[in-house]
Every structure is written in C-alpha cells, then in structure tokens.
Amino acid sequence: MSQGIPGGVMEDVLKDLIPMSISLLLGTLVGWERQMGRKPAGLRTHVLVCLGSTMFCLTTSYAYSSFGGHSLDATRIVHGVVTGVGFLGAGSIMRQEGYVAGLTTAASIWMVAAIGVAVGVHAYSLATIGTFFALLVLEGYRWAERFLSPSHEHDGE
C-alpha cells in the first residue's frame with residue numbers, strides 16, 4: 001500500500017482504474033479507425049464517449065453506496081447514456097441535396113457508448129467482442145464495399 005493513501009481508497013482507485021483503462025483502450029481502437037478515415041468524429045470524440053459511458057456506469061455503485069435503498073435503478077443510467085449519445089450522434093448527421101452523410105459516424109459513436117457501458121458493468125468480453133465487430137464493420141465492410149461494388153470494374157481502382 002502507498003503511504004498516506006488509506007487501503008479503501010487505494011482499492012477504489014484500482015477497482016476504477018482497470019475498467020477506465022480498458023475503456024480507454026477499446027475506445028482508442030475504434031476512434032483511431034475513424035481518425036485515419038478523416039471522419040468528423042475521430043479519436044478524441046470516440047474515446048471520450050467510451051470513457052464517459054464507462055464512468056457513468058461505474059458511478060452507479062458509488063451512488064448506491066451513498067444513497068442506497070431499493071429505489072435506485074442502475075439501468076436508468078444506461079438509459080440516460082443511450083439517450084444522450086443518441087443526441088450526440090444525431091448532431092453528426094448532415095443532409096445536403098438528397099444526400100445523407102454522417103450516419104456511420106453517428107452509429108460508431110453509439111457503438112463506443114455501448115462498449116463503454118459494457119466495460120462499466122464489467123462485461124469485458126462483451127466489450128472486446130463488440131469492439132472487434134465494430135472494427136470489422138468499419139474497416140472490413142469498407143473493403144468489401146469497394147471490392148464488390150459494381151462501379152469497381154469501371155473506376156480503375
């Protein structure tokens with residue numbers, strides 16, 4: 001134990017540091033993919049959404065111990081995250097002359113929020129699988145779209 005830091009505080013720090021670190025890593029993986037594609041919401045946005053979602057979930061255990069009682073419903077935090085991130089994602093969608101842009105960015109923001117929530121409730125394998133599938137869709141499907149596109153034969157790629 002570190003001198004000057006009570007044992008309980010150090011346990012809380014470690015208990016929170018692990019999921020926050022995992023959230024940072026997984027959010028970075030998805031955010032980096034978006035950053036490299038020069039998308040409007042890149043690395044920092046995705047990491048912050050992932051971290052924030054995790055932190056909201058972790059906060060529920062502190063709220064329960066502080067306020068207790070059976071009236072505290074932890075799922076309300078998850079509901080709030082989903083709703084709030086939905087508004088954030090909606091802000092990244094733009095419509096111009098019949099063309100809609102930003103849907104994938106909005107979906108990736110929503111996905112990193114789900115990853116962050118999974119980490120926050122200590123469902124690490126679910127969060128890791130979700131991250132893998134998000135990257136598969138974002139990168140793998142992009143490659144498949146280019147390769148399988150009917151215009152692929154004509155555009156010289």
Side-chain angles (χ1 to χ4, degrees), residues 2 9-63 74-157:
S2 288
V9 172
M10 187 57 99
E11 284 177 23
D12 284 345
V13 168
L14 292 175
K15 181 181 74 170
D16 295 336
L17 184 61
I18 291 169
M20 291 297 285
S21 297
I22 292 170
S23 184
L24 176 71
L25 172 66
L26 297 178
T28 297
L29 291 174
V30 177
W32 185 254
E33 188 282 333
R34 303 308 290 163
Q35 186 78 28
M36 292 298 94
R38 300 195 188 286
K39 301 302 176 184
L43 179 63
R44 292 181 300 165
T45 301
H46 282 77
V47 172
L48 288 172
V49 168
C50 199
L51 283 170
S53 300
T54 298
M55 192 168 171
F56 276 120
C57 289
L58 293 174
T59 301
T60 59
S61 65
Y62 290 100
T75 62
R76 293 174 86 181
I77 298 292
V78 174
H79 180 264
V81 168
V82 171
T83 303
V85 170
F87 280 105
L88 182 64
S92 68
I93 299 171
M94 298 193 306
R95 185 169 179 236
Q96 298 172 340
E97 300 173 20
Y99 177 74
V100 177
L103 287 173
T104 303
T105 295
S108 66
I109 290 170
W110 191 60
M111 185 64 186
V112 293
I115 292 165
V117 166
V119 171
V121 299
H122 304 284
Y124 301 132
S125 63
L126 178 62
T128 303
I129 292 166
T131 302
F132 172 77
F133 283 149
L135 292 171
L136 175 68
V137 169
L138 291 169
E139 264 311 303
Y141 284 30
R142 179 182 293 133
W143 176 84
E145 285 174 347
R146 287 181 188 147
F147 182 73
L148 299 173
S149 172
S151 65
H152 179 72
E153 301 168 355
H154 308 291
D155 65 7
E157 284 187 292

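Please read these numbers as outputs of a predicted model, since none were measured by experiment.
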Not counting sequence neighbours, which residues clear side-chain contact (heavy atoms from CB on, under 4.5 Å) with L51? List them please.
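L51: side-chain contact (heavy atoms from CB on, under 4.5 Å) contacts with M20, S23, L24, V47.
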If you take all heavy atoms of [X] and [Y], which pair is closest and at what distance?
X: A106; Y: G89; value: CB-O, 3.3 Å
X: A134; Y: M111; value: CB-CG, 3.8 Å
X: G116; Y: T54; value: O-OG1, 2.7 Å
X: H46; Y: S108; value: NE2-OG, 2.8 Å
X: I77; Y: C57; value: CG2-N, 4.1 Å
X: G120; Y: L58; value: O-CD2, 3.5 Å

Looking at G80, is its backbone amide N or carbonyl O close enough to the side chain of T83 to form a donor-acceptor pair, meaning the two atoms are under 3.5 Å apart?
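Judged by distance alone, no pair lies under 3.5 Å.
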Is there a donor-acceptor pair under 3.5 Å between the side chain of S149 and the backbone N or O of R146?
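No; zero donor-acceptor contacts below 3.5 Å.
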Is it the case that more than 12 heavy atoms not belonging to M94 sit under 6.0 Å from its CE atom?
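No.
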Taking atom OH as the centre, does Y62 end up with more than 12 heavy-atom neighbours from other residues, nucleotides or ligands that are less than 6.0 angstrom away?
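Yes, OH of Y62 has more than 12 neighbouring heavy atoms, counting only those of other groups under 6.0 Å.
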Answer yes or no: is there a side-chain heavy-atom contact under 4.5 Å between R76 and T60?
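SC-SC contact between R76 and T60 ruled out.
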Nearest 0.5 Å, please: how far is [atom2] in [Y] from [atom1] in [X]?
X: L29; Y: C50; atom1: CG; atom2: SG; answer: 9.5 Å
X: K39; Y: T105; atom1: NZ; atom2: OG1; answer: 6.5 Å
X: L48; Y: I109; atom1: CG; atom2: CD1; answer: 11.0 Å
X: T104; Y: I93; atom1: OG1; atom2: CD1; answer: 9.5 Å
X: L148; Y: W143; atom1: CG; atom2: CH2; answer: 7.0 Å

Consider side chain to side chain contact (heavy atoms under 4.5 Å, CB included). Of V30, T28, V112, I22, which one does T131 pass it with?
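Filter result, single survivor: V30.
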Applying side-chain contact (heavy atoms from CB on, under 4.5 Å) to D12 and K15, what does each step give before you reach the verdict?
CA-CA 5 Å; D12 284 345; K15 181 181 74 170; 3.7 Å; yes
Evaluate T75 against H79 for side-chain contact (heavy atoms from CB on, under 4.5 Å), listing each step before the verdict.
CA-CA 6 Å; T75 62; H79 180 264; over 6 Å; no
Only pairs at least two apart or in different chains count here, so list each ring-ring contact (aromatic ring centres under 6.0 Å, His included) that has a residue in residues 87-117.
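Every candidate ring-ring contact (aromatic ring centres under 6.0 Å, His included) pair involving residues 87-117 fails, so no pair, neighbours aside, qualifies.
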Before accepting this row, confirm whether a basic side-chain N of the pair E145/R142 lies closer than 4.0 Å to the acidic partner's carboxylate O.
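Between R142 and E145 there is no salt bridge, as every charged N stays at least 4.0 Å from the carboxylate O atoms.
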Just say parallel, tilted or perpendicular for the rings of H122 and Y124, cut-offs at 30° and 60°.
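Rings of H122 and Y124: perpendicular, over 60°.
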